[in-house]
Amino acid sequence: MFSFFKKKPPAESPAAAPAPVATPATPPAEPPPAKSVFSPSSWFGGKPAADEAPPAPPPVAAPAPLPVEAMPGERSGWLGKLRTGLRKTGNSITAAFVNAQIDDALYEELEAALLMADTGVKATEHLLEDLRRRVKSSMATEASQVKLLLADAIADLLRPLEKSLVIGEHTPTVIMVAGVNGAGKTTSIGKLTKHLANEGASVLLAAADTFRAAAREQLLVWADRNTVEIVSQEGGDPAAVSFDAVNAGKARGKDVVLVDTAGRLPTQLHLMDELKKIKRVVARADASAPHEVLLVIDGNTGQNALAQVKAFDETLGLTGLVITKLDGTAKGGVLCAIARERPVPVYFIGIGEKLEDLETFKAREFAQALMG
Ligand SMILES: Nc1nc2c(ncn2[C@@H]2O[C@H](COP(=O)(O)OP(=O)(O)OP(=O)(O)O)[C@@H](O)[C@H]2O)c(=O)[nH]1
Ligand SMILES: [Mg+2]
């Protein structure tokens, strides 16, 4: 079975818990003890936990929050798909090393190949400087050695983007998903729901893309397929739907609430304001929410992806990215540009339309796939 999760040890029974209080919007330096993702929660939303908790032994160290991780054994086939998807890019970078010597011509070819792969000027400059340093200090004499050093340089550049999505610190963990039209938001939510549900986490979907009936129906299909609940409202206000969903998630003790929003361009200022409103209103239902604000990016977008990250980050304060469609003609280098210029963590990458085509991002793997 495919999974993002590491199995979690059985939940410790909490000591007589204090009544729930609103968590401050800014997380404290020390994360609060995580609630188990899988522990049964109150079905009587408003009832204080202190009333329900049986006498319990003194508190013990709470289990760590759950990183949403991939299982190592299941990555290899998937890596092949990523390689195939990025082959175009990889081939042009790899081609620079064929029958090459370590000279200026090689660096020029690499510069052109990296720029062609959407790496952008700043990240390309950085990588080439870093590569020259590595070549010098390793006293490499063969182009094949330089190739390995470039893969190291790319992996090191991408490493700050490697981060696991953690759920369980809040119940529910509220995840808001945004992006331009057609980026793959709803599909990614569907895939993520499946994997969360597979592992026993209860998920509630919020159809905050209220503009098109088709959008609600699309999410409804995913909800049915995954047998999870959905909060949806014909022609409703996206912020109101999100507010209702977070309240329902709290009342029903859901582990995760996933909020699907309508696609929009950063230049559509009124629609960007609407996203801000959704975020604000969600915080009225739970002061600590949303706990994650994800931007979904179509991997084929090229350098424009960086502009999207900057614009949505400025509007919403992004906590993570999902890069989709890396199976098509995507070149992948834009992740280097993001790492260099706006390093928002990449939680997942999408490599197709099927359920299993969503994986956690690993810098080293991605660097290798990029190199062909
Ligand atoms: N090849 C491929 N197609 C994908 C991937 N992710 C999504 N898609 C396809 O991209 C198209 C748009 O996906 P949606 O999930 O509807 O995108 P969206 O961002 O929700 O779109 P709007 O709500 O209209 O803004 C669909 O045809 C998906 O099947 C992926 O990783 N690879
Ligand atoms: Mg959608």
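Numbering of ligands and ligand atoms starts at 1, following listing order. Worth saying up front: this structure is predicted, and the values here are computed from it rather than measured.
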- prompt: Which pairs count as side-chain hydrogen bond (donor to acceptor under 3.5 Å, both in side chains) when at least one residue sits in residues 177-187, sequence neighbours excluded?
  reply: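 Sorted pair list: T186-D260.
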Could you tell me if any non-hydrogen atom of [X] lies under 4.0 Å from any atom of ligand 1?
| X | result |
| --- | --- |
| A215 | no |
| G179 | no |
| V296 | no |
| A262 | no |
| Q218 | yes |
| D357 | no |

- request: Could you pull out all residues at least two apart from N226 that satisfy side-chain contact (heavy atoms from CB on, under 4.5 Å)?
  value: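 N226 satisfies side-chain contact (heavy atoms from CB on, under 4.5 Å) with T193, K194, W222, V228 once adjacent residues are dropped.
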Nearest protein heavy atom to [atom], by residue and atom, and its distance?
| atom | result |
| --- | --- |
| atom 14 (P) of ligand 1 | T187 OG1, 3.5 Å |
| atom 17 (O) of ligand 1 | G184 N, 3.0 Å |
| atom 30 (C) of ligand 1 | G352 O, 3.2 Å |
| atom 4 (C) of ligand 1 | E353 CG, 3.5 Å |
| atom 8 (N) of ligand 1 | K325 CE, 3.7 Å |

message: Please say yes or no: joined through hydrophobic side-chain contacts below 4.5 Å, possibly via intermediate residues, are L150 and Y107 part of one cluster?
response: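 Yes, L150 connects to Y107 through the hydrophobic network.
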message: Under a 3.5 Å threshold, yes or no: a donor from one side chain and an acceptor from the other, between S202 and D255?
response: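 Judged by distance alone, the side chains do pair up.
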To which of [options] does the heavy atom nearest [atom] belong?
| atom | options | answer |
| --- | --- | --- |
| atom 12 (C) of ligand 1 | G299, G190, G182, S188 | G182 |
| atom 6 (N) of ligand 1 | V180, D298, T324 | T324 |
| atom 24 (O) of ligand 1 | K354, R212, K185 | R212 |

- request: Specify side chain, backbone, both or neither for R264, according to which of its non-hydrogen atoms lie closer than 4.0 Å to ligand 1.
  value: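 For R264, no heavy atom sits under 4.0 Å from ligand 1.
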- prompt: Of the backbone atoms (N, CA, C, O) and the side-chain heavy atoms from C-beta on, which set of D327 has a member under 4.0 Å from an atom of ligand 1: side chain, backbone, both, or neither?
  reply: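 D327 to ligand 1: side-chain contact only, backbone stays beyond 4.0 Å.
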- prompt: Is any NZ, NE, NH1 or NH2 atom of the basic residue among D156 and R159 found under 4.0 Å from an Asp or Glu carboxylate oxygen of the other?
  reply: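 Here D156 pairs with R159 in a salt bridge, since their nearest N and O are under 4.0 Å apart.
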Residues E341, K310: salt bridge by 4.0 Å N-O rule: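 Salt bridge between E341 and K310, a charged N being under 4.0 Å from a carboxylate O: yes.
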Pair H195-F348, side chain to side chain contact (heavy atoms under 4.5 Å, CB included): steps then yes or no: CA-CA 12 Å; H195 300 302; F348 300 105; over 6 Å; no
task: Give me the protein N, O or S atoms that fall under 2.8 Å of the Mg ion (ligand 2), sorted by chain and residue number.
output: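 Listed by chain and number, the atoms are T186 OG1.
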Contacts under 3.5 angstrom, residues 111-125 side chains, donor-acceptor by atom type, not counting sequence neighbours:
unit_1	atom_1	unit_2	atom_2	d
T119	OG1	L114	O	2.9
T124	OG1	G120	O	2.6

